[in-house]
Participant: 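Quick one: the structure is below, questions incoming.
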Amino acid sequence: MIEIRNLYKRYHNHHDSPWVLKDINLTIPSGVSVGLLGRNGAGKSTLLRLIGGMDSPDRGDIVRNSRVSWPIGLAGGFQGSMTGRQNVKFVARIHGAEEEIERVVREVEAFAEIGNAFDEPVKTYSSGMRSRLAFGLSLAFDFDVYLSDEATAVGDRAFKAKAKEAFKARVGKASLIMVSHGEGVLREFCEAGIVLEKGRAQWFDDIEEAIGVYHQATDGKKVEPPKVPTSLSEAKQQLMQANLEFEQARLDYQIASDDPARNDPDDALRWRVEESRERMHEARRYVQQFQSQAKAKPRKRTTKTTKKTGRP
Ligand SMILES: Nc1ncnc2c1ncn2[C@@H]1O[C@H](COP(=O)(O)OP(=O)(O)OP(=O)(O)O)[C@@H](O)[C@H]1O
């Protein structure tokens, strides 16, 4: 269980600087995976860092009765002049896993899949390679609660799939507190949700309810959880809708990318494109499934009957 009591946080220590988080009171039960939602700048990463003990609150307390990870994939802590292998050994040693160093190194090397670069200095890595190393490192240790800040957004499709599998393998043994703009990812991994709005936090036992409240607060939209189609025509209708949503998301992303005032479209737009593409693929799979079922079904033989006798 993690208890957060009367927590306040702001970044500049003069009195008129705004509170990023004010008077947060939450109890996160053991074994419950939680999604953190809120618009850009709402304080999600700040809260996650505070829970992980990487930063301290201005007021209030966080009581952790379980082993809590650092945010998965946090790549900032590596020593640039040391190789990936040396960094991993170093962390394993300070984490008190002296007798397990070889296992940790093996697991991180296998997970990160960065080839010979594992023995090159980390300062030569791309940000994706750093994230892979950091992701592998977090997962090589057993925690009761893993913290994840957009960690599933790292890497290409294959790596994302692998990251998801790694998370799934831990469900049951450990829980997650996850920040993501990807609602599909939150639905997949979290049961409960916390919505941050104007420095305050609201707890929901059901992630679906949290997603609904978040949308209501940000864009006034009512969202429905994705439905499994029950017929070919329903599947086709969903595919048409998914195509439209994908095109719209792509257009919004393109407009934001072309806008010289924004140097980078935000994560929320990127996630919308990714997720609507996923939904489109899924909708297409359902259509194909119904079509092949229809083909496989033996057609009912219609036997002609004569009107008068009723006999064939
Ligand atoms: N190190 C820092 N120094 C000063 N201000 C900061 C720092 N980190 C975050 N902030 C500010 O605190 C607020 C909350 O930031 P935070 O990154 O926690 O939000 P977030 O909800 O995770 O946002 P996003 O969805 O954009 O990642 C923002 O206004 C941000 O500018």
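Residue numbers start at 1 and run along the sequence shown. Atoms within each ligand, like the ligands themselves, are counted from 1 in listed order. Just so you know, these numbers come straight off a predicted model, no measurement behind them.
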Participant: Report, in ascending order of atom number, the atoms of ligand 1 lying under 4.0 Å from any heavy atom of His181.
Facilitator: 25 (O)

Participant: Quick one: look up the protein heavy atom nearest atom 6 (C) of ligand 1 and list residue, atom name and how far away it is.
Facilitator: Tyr11 CD1, 3.2 Å

Participant: For residues 18-38, pull every pair meeting side chain to side chain donor-acceptor pair (under 3.5 Å), keeping only residues two or more places apart or in separate chains.
Facilitator: Arg5-Thr27, Asn6-Asp23, Asp23-Asn25

Participant: Specify the closest pair of heavy atoms between Ala201 and Ile194, including all atoms of both residues, with the distance to one decimal.
Facilitator: CB-CG2, 4.0 Å

Participant: How does Arg39 reach ligand 1, if at all, at less than 4.0 Å between non-hydrogen atoms: by side chain, backbone, both, or neither?
Facilitator: backbone

Participant: Have a look at Pro18, Ser45, Gly38, Ser180 and point out the one with the heavy atom closest to atom 22 (O) of ligand 1.
Facilitator: Ser45

Participant: Could you tell me whether atom 31 (O) of ligand 1 has a protein heavy atom closer than 4.0 Å?
Facilitator: no

Participant: Give the residue and atom name of whichever protein heavy atom lies nearest to atom 25 (O) of ligand 1, and the separation in Å to one decimal.
Facilitator: Lys44 NZ, 2.7 Å

Participant: Looking at Glu113 and Lys162, does any basic side-chain N land under 4.0 Å from a carboxylate oxygen?
Facilitator: yes

Participant: Starting from atom 18 (O) of ligand 1, what is the nearest protein heavy atom, named by residue and atom, and what distance separates them?
Facilitator: Thr46 OG1, 2.5 Å

Participant: Let me check something: any side-chain donor-acceptor pairs from residues 140-147 under 3.5 Å, sequence neighbours excluded? List them with distances.
Facilitator:
| residue | atom | partner | partner atom | Å |
| --- | --- | --- | --- | --- |
| Asp144 | OD1 | Arg67 | NH2 | 3.2 |
| Asp144 | OD2 | Arg67 | N | 2.7 |
| Asp144 | OD2 | Arg67 | NE | 3.4 |
| Tyr146 | OH | Phe141 | O | 2.6 |
| Tyr146 | OH | Phe143 | N | 3.3 |
| Tyr146 | OH | Arg170 | NE | 3.2 |

Participant: Tell me if a side-chain donor or acceptor on Glu275 pairs with a main-chain N or O of Gly184 at a distance below 3.5 Å.
Facilitator: yes

Participant: Taking everything shown except Phe290 itself, do over 12 heavy atoms lie less than 6.0 Å from its CZ?
Facilitator: yes

Participant: Nearest protein heavy-atom contact for atom 26 (O) of ligand 1: which residue, which atom, what distance?
Facilitator: Asn40 ND2, 3.0 Å

Participant: I want to confirm something. Looking only at heavy atoms, which of Gly41, Ala42, Gly199 is nearest to atom 13 (C) of ligand 1?
Facilitator: Gly41

Participant: Is there a nitrogen or oxygen of Val20 sitting under 3.5 Å from a nitrogen or oxygen of ligand 1?
Facilitator: no

Participant: Suppose I only count heavy atoms of Gly43 and a 4.0 Å limit; which atoms of ligand 1 are within that range?
Facilitator: 14 (C), 16 (P), 18 (O), 19 (O), 20 (P), 21 (O)

Participant: Does a sphere of radius 6.0 Å around CD in Glu3 hold more than 12 heavy atoms from other residues, nucleotides or ligands, not counting ones at 6.0 Å or beyond?
Facilitator: yes

Participant: Hey, are Glu274 and Arg270 close enough for a salt bridge, meaning a charged N less than 4.0 Å from a carboxylate O?
Facilitator: no

